[in-house]
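A short worksheet on the structure shown next.
Read the numbers this way: they start at 1 and go in the same order the structure lists the ligands and their atoms. Quick note: residue numbers are just sequence positions, from 1. Note that the coordinates shown come from a computational prediction; the quantities given were computed from them, not determined experimentally.
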Amino acid sequence: MKIALLGYGKMGKAIEKIALDRGHEIVLKIDKDSSDYNISDADVAIDFSLPSAAFSNISTCLENKVPVISGTTGWLENYDKAVDLCNEHKGAFIYASNFSLGVNIFFQLNEYLAKMMSNLSQYDISMEEIHHTQKLDAPSGTAISLAEGILKHTDKTAWKLDEAGTNEIPIVAKRIENVPGTHTINYNSEVDSIEITHTAHSRQGFALGAVIAAEWIIGKTGVFNMKDVLNLS
Ligand SMILES: NC(=O)C1=CN([C@@H]2O[C@H](COP(=O)(O)OP(=O)(O)OC[C@H]3O[C@@H](n4cnc5c(N)ncnc54)[C@H](OP(=O)(O)O)[C@@H]3O)[C@@H](O)[C@H]2O)C=CC1
Ligand SMILES: O=C(O)C1=N[C@H](C(=O)O)C[C@H](O)C1
């Protein structure tokens, strides 16, 4: 498979290594703002760039009928436009806030627990995410996905970074050197607390998931997610 890497930073480099190990070829690497690259040699593009660059990169791929996998976070105000563009061009597109198998299992565990806790008003919910100090967005895309999973099953109406109202899920974002990504959901009552945590030990899981998604999307048309790729029910 011929892969274009849109974003050649920490994730782009981790993806390159795994892709080469799995017998793929990297035909394009874009690591800064450059609007006139030629994507047409690629079978698939993988975008791990910047919040400000992702939508433009995704649009370029879809307009040129190149399937695109995006892991960039912090650009979701344009997600619906990307979906429309994908449908208009009969393209193929996956966005995931987190490509690791472990986090996608954790997403399901989170919803299961939220359902169980939904009528137990003695527990207060809160969330914490910890990432490395170079991270540009807060809260993390994964924290937002986790909060959305909880909102489906509770009477909370929204998530909020830091200070939250009674109907909101508070998210605390911490930035500590070299932390690849840790997410915790806490239910606290006067007598006890229940906490679930996913801890990434490196970027390997994210990168492998992105390459697996790129392999999976070839020959498909439509907008998909990691639940489709991993066949999680
Ligand atoms: N979904 C998931 O599983 C994961 C998602 N992420 C997300 O992926 C994104 C990238 O993370 P990470 O690799 O750690 O970040 P980095 O900052 O290490 O890499 C981003 C790269 O994008 C480059 N870039 C700048 N402008 C453009 C452009 N217009 N087109 C393409 N590339 C460009 C940057 O170059 P320069 O430095 O010159 O500006 C930089 O090399 C973030 O949004 C992060 O949150 C990260 C890990 C997992
Ligand atoms: O920027 C990162 O590093 C990460 N970003 C993603 C996010 O915002 O959730 C995924 C992972 O946690 C690492």
Side-chain angles (χ1 to χ4, degrees), residues 3-18 26 28-39 42 45-61 66 68-79 93-107 110 127-149 159 161 171-185 197-214 224-227 229-230:
I3 300 177
L5 293 177
L6 308 180
Y8 191 60
K10 292 180 282 302
M11 279 301 296
K13 291 183 176 95
I15 288 167
E16 176 181 44
K17 189 170 182 322
I18 288 174
I26 308 298
L28 183 68
K29 293 176 199 171
I30 299 294
D31 70 352
K32 57 174 70 69
D33 204 359
S34 106
S35 50
D36 58 353
Y37 54 84
N38 180 4
I39 193 86
I46 304 182
D47 165 82
F48 280 76
S49 58
L50 302 184
S52 56
F55 180 60
S56 163
N57 284 333
I58 292 163
S59 302
T60 300
C61 297
V66 174
V68 56
I69 307 298
S70 177
T72 308
T73 52
W75 66 276
L76 285 191
E77 68 281 6
N78 285 315
Y79 178 78
F93 169 50
I94 295 177
Y95 163 75
S97 61
N98 200 303
F99 279 91
S100 80
L101 173 63
V103 160
N104 281 278
I105 293 167
F106 190 65
F107 283 152
N110 171 52
M127 203 184 291
E128 180 188 85
E129 58 99 334
I130 311 174
H131 284 86
H132 53 93
T133 49
Q134 293 91 50
K135 186 157 179 63
L136 296 179
D137 53 320
S140 66
T142 305
I144 294 172
S145 300
L146 288 163
E148 284 169 350
W159 57 262
L161 193 60
I171 305 180
V172 171
K174 293 185 178 165
R175 296 292 171 256
I176 299 174
E177 227 171 298
N178 297 328
V179 174
T182 302
H183 293 88
T184 299
I185 295 126
T197 297
H198 177 274
T199 307
H201 298 315
S202 72
R203 292 184 174 82
Q204 286 284 106
F206 314 137
L208 176 62
V211 175
I212 288 172
F224 304 99
N225 57 42
M226 275 311 271
K227 243 171 139 179
V229 175
L230 297 170

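- The side chain to side chain contact (heavy atoms under 4.5 Å, CB included) search around Asn104 returns Phe107, Met226, Leu230, Leu232, not counting sequence neighbours.
- Under the 3.5 Å distance criterion, the side-chain polar atoms of Lys174 are left unmatched by any main-chain donor or acceptor of Glu129.
- Ligand 1 has no nitrogen or oxygen under 3.5 angstrom from a nitrogen or oxygen of Pro51.
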Show your reasoning for whether side-chain contact (heavy atoms from CB on, under 4.5 Å) applies to Ser70 and Phe93.
-> CA-CA 8 Å; Ser70 177; Phe93 169 50; 4.3 Å; yes

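- When only interatomic distances are considered, the shortest N/O to N/O separation between Thr72 and ligand 1 does not fall below 3.5 Å.
- Between His131 and His183, the ring planes are perpendicular. Angles over 60° get that label, and only those under 30° would be called parallel.
- Set against the non-hydrogen atoms of Lys135, the atoms of ligand 1 under 4.0 Å away are 45 (O).
- Of the heavy atoms in Pro180, only backbone atoms (N, CA, C, O) come closer than 4.0 Å to ligand 2.
- Inclusion of Phe99 in the set of residues having an N or O under 3.5 Å from an N or O of ligand 1 is warranted.
- Heavy-atom proximity to Gly141, at under 4.0 Å, picks out these atoms of ligand 2: 7 (C), 8 (O), 9 (O).
- If you check which protein heavy atom lies closest to atom 1 (O) of ligand 2, you get Lys135 NZ, 2.9 Å.
- Under 4.0 Å from ligand 1, not a single heavy atom of Ala210 appears.
- For CD of Glu177, the number of neighbouring non-hydrogen atoms (other residues, nucleotides, ligands) closer than 6.0 Å is 12 at most.
- For ligand 2, the atoms lying closer than 4.0 Å to a non-hydrogen atom of Asn98 are 10 (C), 11 (C), 12 (O).
- In terms of heavy atoms, Asp137 sits closest to Arg175 at O-NH2, 3.0 Å.
- For ligand 1, the polar-atom distance check against His132 finds no nitrogen or oxygen pair separated by under 3.5 Å.
- Numbered from 1 in the order shown, with element, the atoms of ligand 2 that lie under 4.0 Å from a heavy atom of His183 read 12 (O).
- For the pair Asp47 (side chain) and Asn57 (backbone), a donor-acceptor distance under 3.5 Å is absent.
- Distances from atom 10 (C) of ligand 1 to the heavy atoms of Ala213, Gly9, Ser56, Ser49 put Ser49 nearest.
- Distances between N or O atoms of Met11 and those of ligand 1 include at least one value under 3.5 Å.
- Using a non-hydrogen distance threshold of 4.0 Å, Gly74 does not register as a contact of ligand 1.
- Closest heavy-atom approach to atom 3 (O) of ligand 2 among the candidates His131, His198, His132: His132.
- Heavy atoms of Lys13 stay at 4.0 angstrom or farther from ligand 1.
- Checked against a 3.5 angstrom limit, the closest N/O atoms of Arg203 and ligand 2 fall outside it.
- Using bins of under 30°, 30° to 60° and over 60° for the plane-to-plane angle, the ring pair Trp75/Tyr95 lands in the perpendicular bin.
- Of the N or O atoms in Asp31, one or more lie within a sub-3.5 Å distance of an N or O in ligand 1.
- Residue contact check: Ile30 has heavy atoms under 4.0 Å from atoms 30 (N), 31 (C), 32 (N) of ligand 1.
- Shown here for Ile39 and Cys61, the closest heavy-atom pair between the two residues is CD1-SG, 4.1 Å.
- Close approach of ligand 1 to Asn98 is summarised as follows: ligand atoms under 4.0 Å from at least one heavy atom of the residue are 1 (N), 2 (C), 3 (O).
- Inclusion of Ala53 in the set of residues having an N or O under 3.5 Å from an N or O of ligand 1 is not warranted.
- The closest approach between Gly71 and ligand 2 stays at or above 4.0 Å for every heavy atom of the residue.
- Where the criterion is an N or O separation shorter than 3.5 Å, residue side chain and backbone included, Lys10 meets it with respect to ligand 1.
- The ligand atoms of ligand 1 that sit less than 4.0 angstrom from a heavy atom of Gly7 are 22 (O), 31 (C), 32 (N).
- In terms of N/O distances under 3.5 Å, ligand 2 is not approached by Phe206.
- The residue among Leu50, Asn57, Leu6 with a heavy atom at the shortest distance from atom 30 (N) of ligand 1 is Asn57.
- Contacts between Gln134 and ligand 1 below 4.0 angstrom, taking non-hydrogen atoms only, are absent altogether.
- Residue contacts with ligand 1 for Ser97 involve N, CA, C or O but no side-chain atom from C-beta outward (heavy atoms, distance under 4.0 Å).
- Remark: side-chain polar atoms of Thr72 are paired, donor with acceptor, to backbone N or O of Ser49 under 3.5 angstrom.
- Nearest to atom 10 (C) of ligand 2 by heavy atom, out of Ala173, Ser140, Ser97, is Ser97.
- If you number the atoms of ligand 2 from 1 as listed, the ones under 4.0 Å from a heavy atom of Thr142 come out as 7 (C), 9 (O), 10 (C), 12 (O).
- Residue Gly71 approaches ligand 1 through these ligand atoms, each under 4.0 Å from one of its heavy atoms: 1 (N), 2 (C), 4 (C), 5 (C), 6 (N), 7 (C), 8 (O).
- Listed by chain and residue number, Glu16 satisfy the salt bridge (Lys or Arg N to Asp or Glu O under 4.0 Å) test with Lys29 (two or more places apart in sequence, or in another chain).
- Listed by number with element, the atoms of ligand 1 under 4.0 Å from a non-hydrogen atom of Tyr8 are 41 (O).
- Interatomic distance, Thr142 OG1 to Met127 CE, rounded to the nearest 0.5 Å: 10.5 Å.
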Working for side-chain contact (heavy atoms from CB on, under 4.5 Å), residues Ile69 and Phe99 | CA-CA 10 Å; Ile69 307 298; Phe99 279 91; 3.4 Å; yes

